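A short worksheet on the structure shown next.
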4 protein chains.
Amino acid sequence: MRKNRPKYKQIIEAAVETIADNGYHASQVSKIAKKAGVADGTIYLYFKNKEDILVSVFEEKMGQFIEQIASSINEKQNADEKLRTLIEMHFLQLANDHHLAIVTQLELRQSNTALRMKINEVLKPYLVVIDDIIKEGTEEKIFRDDLNIPLVRQMIFGTLDEIVTNWVMKEQRYDLVKQTSDVHTLIINGLSVKEVVKED
Amino acid sequence: MRKNRPKYKQIIEAAVETIADNGYHASQVSKIAKKAGVADGTIYLYFKNKEDILVSVFEEKMGQFIEQIASSINEKQNADEKLRTLIEMHFLQLANDHHLAIVTQLELRQSNTALRMKINEVLKPYLVVIDDIIKEGTEEKIFRDDLNIPLVRQMIFGTLDEIVTNWVMKEQRYDLVKQTSDVHTLIINGLSVKEVVKED
Amino acid sequence: MRKNRPKYKQIIEAAVETIADNGYHASQVSKIAKKAGVADGTIYLYFKNKEDILVSVFEEKMGQFIEQIASSINEKQNADEKLRTLIEMHFLQLANDHHLAIVTQLELRQSNTALRMKINEVLKPYLVVIDDIIKEGTEEKIFRDDLNIPLVRQMIFGTLDEIVTNWVMKEQRYDLVKQTSDVHTLIINGLSVKEVVKED
Amino acid sequence: MRKNRPKYKQIIEAAVETIADNGYHASQVSKIAKKAGVADGTIYLYFKNKEDILVSVFEEKMGQFIEQIASSINEKQNADEKLRTLIEMHFLQLANDHHLAIVTQLELRQSNTALRMKINEVLKPYLVVIDDIIKEGTEEKIFRDDLNIPLVRQMIFGTLDEIVTNWVMKEQRYDLVKQTSDVHTLIINGLSVKEVVKED
DNA sequence: TATGAATGAGTATTCATTCAT
DNA sequence: CATGAATGAATACTCATTCAT
């Protein structure tokens, strides 16, 4: 298993740093190799090509990201709490790893369409997690039973993603995690004036 | 005024088509020139450089896009109707111009950070439109008065953007405009079970 | 005769100025046209092509340059005086026209070999003037009778040219004309210790 | 040390040949690479850019040129002999390497001002050699003691340079080295009739 | 004569990938 | 496994010249 070989992780970490520091288009394979402390050719013993490095970066980092969220959610009792946790963990993890935030929100989006399709594949488990929360909320009668699940998922993901991207572009000058409650309320209750589902 | 000369628009249209057909990175200046029916050098009588073509594409197209939305909204009486109109027009315009949808949702995002910053500038008036609706809704007591406006704006834009991007990536196989009501309801009422603000 | 049309001289002067200010390679036809106050296309009513402008610049300027020298020499009585006058006038004219000095010593030399051949043609009358002085000096028994005339001419021209080029490259920070006597003595007497032909 | 790697010299030689055969402006990097038998990209492992190739050509070739002259001079006993040797070696080396003669006398002069400044730097040691001969001649009382050294140096260099350039432009149809004696006499004794310092 | 918009040929340089050692 | 020298495809932009008005 290539992933267990020591240099595999070295290269992945070097790629994240290189991209965060230099930007996507200035992250040549030779730069990544140098930062990883290996020869250029060595990269190709672990990765098929440059795109494979980038997809692997996303897989590794997003795998952890999603797992972390999924496991945090498991401890929660209902969909409402789970949604709040998802939001919080989403923000928390990116707030705690600025390199990762820059790479996922800004730099990797400059990749070509083919790579972006692969990245979407990696994201699928996360979308499933979101879908499951929606379904659970409906079953628990906390959420409406006429929800268009893909649409709701897109709203949730789109909202979180846009918020994080804005935060990164504003050079992370404010506290992202503090937004959790507001975002949660918005998603649960929308904009309208009404009796609000009690929170926390 | 360069924008009034006939070849200016010709080149802009050629750029949109070329990018939609070939993708951002395969859209060489010579390809755009050929599709526009002008010589390569002619491009540079109208645009400073390649980046200027792309920014101008965005300016022209998004300018119309935003104006169209803004004028449609003007005819509406309240924030709720305005929001629904904004959603509908956002979807409608991209649904009616597949090339533009591909270019704005997928291809132009592959541009480097500098170009993306310029693109963000172009989007600002749209964000102001959204902000105004939020403020108006609050004044009309239709929306809550404790809304975090930037956050709400990010939710709305992020939601619409993600929905359109998904639709483009699914190769536009379903009716985007039909989603308007569901999206509107989601944004107004959120996920929760409660008395819903009446929608007609 | 094209040379009598008013814009001809306008363009020639504009070319000299443009080249002196911007350097040979940055002197586009459009820049020259602008400085001359005519349209780009107008240039081609007076000159066959860009090379023709440059050759004409040289012809015009060197024509005057050589004529001036030739007429000054005519007033002198012997080859020694004529040589001194040639040196002095060569230096004087370039010292009095910095633009011309830069153009002839530095910029026009960057032209391709073909153009340089044509420039050499323009210089021929000057070389004849030098040859005549040498012959006269020999006839007057002031100069040796075993002189290899082409070689002597190359020595004289090469010496003057190198001295002026050095002066231009040193940004004309010293008095070129003051060198006349030293140069004259060097050419007449060489380096050796001996009875010197009496000067002035 | 890049200069010791075999391909360095290979590329330098290819550059000289390419420039001599095609002229300065028609000497594309790809042409040089082809003649050197390496890939275009390989050039850039040894040279920073095209200008660096050209400066290096001059450095390498002129380095040898000057060294050869300097070492030949060392064996000579007095300034007069040294000057004659300098002239002879100057002519001899260019006569023996027609490619080099074309490149240094005609082609490399077409370079822009920046490159020409660098080329002048390379020539400085040669000018020092000339200066030293002049000083030595003065000390030996062979040359006058009132010589303006920079001026004399410019005369000597300008003379040799002009003579070689003429010879190259006349397509090297006569024996350059045979001119040595005449040139030497001219420089030592000038044009005037007088008792000549005995030569040979 | 005069204009100036349009033309289109031409080229240095980068960098992902390979492969001999 | 590891190296790193070598490869070579790919592309934006300039500017001398033309020609319809």
Side-chain angles (χ1 to χ4, degrees), chain A residues 2 5-8 25-34 36-54, chain B residues 2 5-8 10-11 25-34 36-54, chain C residues 2 5-8 11 25-34 36-54, chain D residues 2 5-8 11 25-34 36-54:
Chain A
R2 72 174 187 179
R5 287 182 290 173
K7 289 183 179 167
Y8 178 83
H25 285 111
S27 293
Q28 298 87 341
V29 171
S30 62
K31 230 179 230 168
I32 296 172
K34 195 169 194 178
V38 301
D40 293 15
T42 305
I43 297 268
Y44 291 88
L45 299 174
Y46 293 87
F47 300 91
K48 215 167 63 252
N49 50 35
K50 189 178 181 180
E51 179 172 312
D52 188 28
I53 306 175
L54 302 173
Chain B
R2 72 173 190 182
R5 287 182 287 174
K7 288 189 178 162
Y8 179 83
Q10 225 168 292
I11 294 166
H25 286 111
S27 293
Q28 299 89 336
V29 171
S30 63
K31 231 179 229 167
I32 295 173
K34 196 168 195 178
V38 301
D40 292 16
T42 304
I43 297 268
Y44 292 89
L45 298 175
Y46 294 88
F47 301 91
K48 227 176 41 260
N49 50 36
K50 188 177 180 182
E51 178 172 314
D52 189 29
I53 307 175
L54 302 173
Chain C
R2 72 174 188 179
R5 287 181 292 172
K7 289 185 179 168
Y8 179 83
I11 293 166
H25 285 111
S27 292
Q28 299 86 342
V29 171
S30 62
K31 230 178 229 167
I32 295 172
K34 195 169 194 179
V38 301
D40 292 16
T42 304
I43 297 268
Y44 290 88
L45 299 175
Y46 293 87
F47 300 90
K48 217 170 59 254
N49 51 34
K50 189 178 181 182
E51 180 171 312
D52 188 29
I53 308 175
L54 303 172
Chain D
R2 72 173 189 180
R5 288 183 286 174
K7 290 188 177 161
Y8 179 83
I11 293 166
H25 285 111
S27 292
Q28 298 88 337
V29 172
S30 63
K31 230 178 231 168
I32 295 173
K34 197 168 194 179
V38 301
D40 291 16
T42 304
I43 298 269
Y44 292 87
L45 298 176
Y46 294 88
F47 301 91
K48 226 176 42 258
N49 50 36
K50 189 177 180 182
E51 178 172 316
D52 190 28
I53 307 175
L54 302 173

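In what follows, chains are A, B, ... by sequence order, proteins preceding strands, each numbered from 1. Just so we're clear, the structure is a prediction, and the values are computed from it rather than from any experiment.
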(message) Counting runs of three or more consecutive pairs, Watson-Crick or G-U wobble, with each distance below 3.5 Å, where are the stems of DNA chain E?
(response) E:2-21 with F:2-21

(request) Using atom NZ of D:K31 as one end and atom P of E:dG10 as the other, report the distance to the nearest whole Å. (result) 11 Å

(message) The criterion is side chain to side chain donor-acceptor pair (under 3.5 Å); which residues satisfy it with D:K31, sequence neighbours excluded?
(response) D:Q28

(request) Rounded to the nearest angstrom, tell me the gap between atom CD1 in D:I53 and atom C1' in E:dT11. (result) 13 Å

(request) Report the distance from atom NZ of D:K34 to atom P of F:dA6, rounded to the nearest whole Å. (result) 20 Å

(request) Write down the distance between CD1 (A:I32) and C1' (E:dC15), rounded to a whole number of angstrom. (result) 12 Å

(message) Can you give me the closest heavy-atom contact between B:I32 and B:I11, atom names plus distance?
(response) CG2-O, 4.0 Å

(request) Locate the shortest heavy-atom distance separating D:D52 from D:F47; write the atom from each residue and the value. (result) OD2-CA, 3.4 Å

(message) Once side chain to side chain donor-acceptor pair (under 3.5 Å) is applied, do any residues pair with B:Q10, and if so which ones, sequence neighbours excluded?
(response) none

(message) Quick check for you: among E:dA2, F:dT3, F:dT7, whose closest atom lies nearest to any side-chain atom of A:V38?
(response) F:dT3

(message) I'd like to compare against my own output: the B/S/- annotation of nucleotides 11-21 of chain F with a strict under-4.0 Å heavy-atom distance to protein.
(response) SSBBSSBB---

(request) Give a yes/no answer on whether the side chain of B:K7 brings an N or O atom under 4.0 Å of OP1 or OP2 in E:dA5. (result) no

